[in-house]
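Only a predicted model underlies this, so the values are computations on that prediction, with no experimental measurement involved.
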2 protein chains.
Amino acid sequence: MPKKVTAQVTAQVTAQEVADAAGVSRAAVSRTLSNSGYVSAQARNKVLQAASALGYRVNHLARGLNKLRSDLVGLVVADIDNPFRSQQLKDLSEALLENQYRPLLIPTTQGRDSSQVIDMLMRYSVSGVIITSDTPPAEIYRNCIRHQVPVVLINKADQHPKVDRVLCDNAKGIALLADFFRQAQCRQVAVIATKEGSYSIQCRERLFVQQMADLGIRTSVIRAPKHDYQGGAMAALELLSMPSLPDGAFCTNDYLALGLIDQLKDKLSPSRFRKIRITGFDDIPQASWLNYQLTTIRQSTRDLAAAAVDLLKRRIDDPDLEGQTEIIDVQLVAR
Amino acid sequence: MPKKVTAQVTAQVTAQEVADAAGVSRAAVSRTLSNSGYVSAQARNKVLQAASALGYRVNHLARGLNKLRSDLVGLVVADIDNPFRSQQLKDLSEALLENQYRPLLIPTTQGRDSSQVIDMLMRYSVSGVIITSDTPPAEIYRNCIRHQVPVVLINKADQHPKVDRVLCDNAKGIALLADFFRQAQCRQVAVIATKEGSYSIQCRERLFVQQMADLGIRTSVIRAPKHDYQGGAMAALELLSMPSLPDGAFCTNDYLALGLIDQLKDKLSPSRFRKIRITGFDDIPQASWLNYQLTTIRQSTRDLAAAAVDLLKRRIDDPDLEGQTEIIDVQLVAR
DNA sequence: TTGTAAGCGTTATCAA
DNA sequence: TTGATAACGCTTACAA
C-alpha cells in the first residue's frame, strides 16, 4: 500500500495531497493547475476545491526543474539610484509580475565581472533576460543566446538577429527639441553630453548637432565626466567659461539638466539665467519640480516596460523569431 | 549498460556529465561543489577540473527543490521610485548578492493583495524575506513565520519574537536636530509629517515634538497628504497660512523637505526664506544639491543593508534565534 | 478522459 | 572515503 501522506514539517502542501483529497491522480492535479491536457469539468472542480481547501501552491522550483525553464526573468540593471532608472525598474518589475514572470534582480556595476551575471541567470534557468545596464552587454546577451535564453535590450544600440530591442524615439524627440529652439529663436545652443555616453546620450548628441546644423543654429558640445547631477553642474561651469554665453542648452538627459540649472542659477543673475533656454530628455519626476520646470521630452517608462515584457513573452513562445525593434513614442513637455 | 550521456539540447551540463568526465560518482561531484561530506583531495581535484572544463553550473532549481529551500530572498519593496528607497534597494540587492543570495524583487502597491506576495514567496521556497514596504506587513511576515521563513523588517515598528528588525537611530537623529534648532535659537518650529505616516515618520514626529517641548520651543504639526515632494510643497502652503511664520521647519524626511523648500522659495522673498531654518532626515542625494543644501540626518543605507542581510543569514543558520533589533547609527549633516 | 511511470538535476542517507 | 539509491515536487508521454 503505497499510501504516502507524509505530513510535511514545513506544512508544504504537495500535488499528491491535493490529488488524494480530490480523489484523483497527481497528473490530474497538474493538468488542472497548469491548464494543459484534458481534464473533465468534474475532476477539474474537485481539484480546484481541494487545492484551495488545502492552500496548495505549485512549487515553482519543481516546475522549473521539470520544464527546464523557470518563470524567473533576469533584470540586469545598473545605476539603480538615478531617477530615470528607478522608474524604469519599478515599471519593469510590475510589468513582469502582471505577466506571471518574477524579476530576479541583478544589479551590475562597472567593475563586476559579467560572467558572474551569466552564471546567475543560467543557474536559475531564467526564461528570459531584460538588460538596461549601460555596460556593454554584448557578452551577456551572447551567452544568453548560446543557452537559448531570450533577451530584450532597452535603449541599447547593439543589434543581433536573435535579440529584441526597445528604443525610445530619440529621433522624434530631438526633432521636437530642435523645433523648440528654433521657435525660441536661439542662436547658439550648448549640447551637454558625457565623455563615455550610453547609447541614448550619444545618439541624442549626434542627432541634435545634425539637426541644429540643418536649421543653421550653432552648437558647441560640452562633455561632462558623468551623466548625472554632478556632471551637469560641472558642465555648467564649462559653459560659463565659453567666450560668449549661449542662449540655449540641450542636456542629453534630465539628470544632467538639473545639475546644470542649479549651477547656472547659482552663478548667474536671475535675468541672465532666464535668457538661456534649457531642455532635457526623459521627463524624470524632478523635471516638474518647482525649482526646475524643465522643458523636456517624455518617454513613458510604463510603455517601455510593457513593450519589453511583450517582446520577451513573444520570443519565449517562439524562440526562432527574428529580432524585433520596438520604438516608443515621445512627446514634448513644455514648461 | 546504464550509460546515459544525453547530450542536452540546451547545452546544460549536468553533475552526471562532470562525474563521468572525472571518473567519479555523481555524489562525489555534489560533495565537492557544495563543500560537504568527505572527498579525497585527489577526487576533489579531478571534479573541479572536469567541472571547469565542461563549464558546469549547479542547477539551483534542483538544489533548491532538494533542500526545500532556494537561495532566493524575497525583497518586498514599495515606492521604488523615491530617492531613499531606490538607494536602499540598490544596497540591499548588492548585499544579498555578496552573500550568495539572489534578490527576488517584489514591488508592492497599496492596492495589491498581500496574499499574492506570500504566494510568490512560498512558491519559490525563498530562504528569507526582507521587507521595507510601508504597507502594514503584519500579514506577510506572519505567514512567512508559519512557513518557517526568516523575516527581516527594515524601519518597521512591528515586534515579533521571531522576526529581526533593523532600525535607524531615530532617537539620536532627533536629538541632534533638536540641538540644531536650539543652537539656532529658533522660537517656533513647524513639523512636517504626513497623514498616514510610515513608522519612521510617526516616530520622528513624536520624538521631535517631545524634545522640543523639553527645550521650551514651540512646535506645530502640519500633516501633508503624502510623504513625497508634492506633499512637502503642499505643507509649505499650509505653513505660509499660519498666523505667524515659524522660524524653523523640521521635515520628517528629506523628500518632503525638497518640496517644502521649493514652494517656500517660490512664495517668499529670499530674505524671508533665509530666516527659516529647515531640516530633513535621511540624507538622500538631492539633499546635497546646490538648490537645497539641506541640513539633515544621514543614515547609511549600506550599513542598513549589511545589517539586514547579516541578521537574515544568522537566522537562516539558526531559525530558533530570538528576534533581534539592530540600530543603525546616524550623523548630523549640517549644510 | 484518466492514471501510471519516467524523468528534471540535486542532495542526503547509508551501506560498502 | 566512496557510490548506489531514494527523495524533493512537478510535468508529460504513453497506455489504458
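Every residue meeting the salt bridge (charged side-chain N to carboxylate O under 4.0 Å, His left out) condition with Arg123(B), not counting sequence neighbours, appears here in chain and number order: Asp119(B). In this view, Ala306(B) satisfies the side chain to side chain contact (heavy atoms under 4.5 Å, CB included) rule with no residue, not counting sequence neighbours. For the side-chain hydrogen bond (donor to acceptor under 3.5 Å, both in side chains) test, residues two or more places apart in sequence or in another chain that qualify with Thr301(A) are Gln87(A), Asp91(A). Remark: Asn143(B) pairs with Arg146(B) by the side-chain hydrogen bond (donor to acceptor under 3.5 Å, both in side chains) rule, at least two apart or across chains. Take Arg26(B) and apply the salt bridge (charged side-chain N to carboxylate O under 4.0 Å, His left out) test, not counting sequence neighbours, and it matches no residue.
Nucleotide dT11(D) holds its P atom 11 Å from the CG atom of Asp71(A), rounded to whole Å. Between Arg69(A) atom CZ and dG9(C) atom C1' the separation is 15 Å, expressed in whole Å. Computed from coordinates, the Leu65(A) CG to dA6(C) P distance equals 18 Å when rounded to whole Å. Protein atom CG of Asp20(B) is 14 Å distant from nucleotide atom C1' of dA4(D), rounded to whole Å. In this structure, the CZ atom of Arg63(A) is 18 Å from the P atom of dG9(C), given to the nearest Å. Between the CG atom of Leu68(A) and the C1' atom of dT12(D) there is a distance of 12 Å, rounded to whole Å.
Ser200(B) and Ser198(B) share no donor-acceptor pair across their side chains, judged by distance under 3.5 Å alone.
Only Tyr56(A), Arg57(A), Val58(A), Asn59(A), listed by number, bring a heavy atom of residues 39-61 of chain A to less than 4.0 angstrom from any atom of DNA chain D. Across residues 116-127 of chain B, not one residue has a non-hydrogen atom less than 4.0 Å from an atom of DNA chain D.
A ring pair (Phe, Tyr, Trp, His ring centres under 6.0 Å) check over residues 104-123 of chain A, counting only residues at least two apart or in different chains, returns nothing. Applying the ring pair (Phe, Tyr, Trp, His ring centres under 6.0 Å) definition to pairs two or more places apart or across chains, those involving residues 91-134 of chain A are Tyr124(A)-His60(B). A salt bridge (charged side-chain N to carboxylate O under 4.0 Å, His left out) check over residues 29-53 of chain B, counting only residues at least two apart or in different chains, returns nothing.
Out of dT12(D), dA12(C), dC8(C), the shortest distance to the side chain of Ser36(A) is found at dT12(D). Among the nucleotides dT2(C), dT1(D), dA12(C), the one closest to any side-chain atom of Tyr38(A) is dT2(C). Among the nucleotides dA12(C), dT12(D), dG9(C), the one closest to the side chain of Lys67(B) is dA12(C).
Listed here is the closest heavy atom pair of Asp79(B) and Arg85(B): O-CB, 3.2 Å.
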Protein N or O to nucleotides 3-5 of chain C N or O, pairs below 3.5 Å:
from	atom 1	to	atom 2	distance (Å)
dG3(C)	OP2	Ser25(A)	N	3.1
dG3(C)	OP2	Ser25(A)	OG	3.2
dG3(C)	N7	Arg31(A)	NH2	2.7
dG3(C)	O6	Arg31(A)	NH1	2.9

Taking only distance into account, with no hydrogens and no angle test, what donor-acceptor pairs under 3.5 Å do side-chain atoms of residues 314-321 of chain B form with protein atoms, sequence neighbours excluded?
from	atom 1	to	atom 2	distance (Å)
Arg314(B)	NH2	Asp310(B)	OD2	2.9
Arg315(B)	NE	Asp164(B)	OD2	2.8
Arg315(B)	NH1	Lys162(B)	O	3.2
Arg315(B)	NH1	Pro319(B)	O	3.4
Arg315(B)	NH1	Leu321(B)	O	3.1
Arg315(B)	NH2	Asp164(B)	OD1	3.1
Arg315(B)	NH2	Leu321(B)	O	3.2
Arg315(B)	NH2	Glu322(B)	O	3.2
Asp318(B)	OD1	Asp320(B)	N	3.1

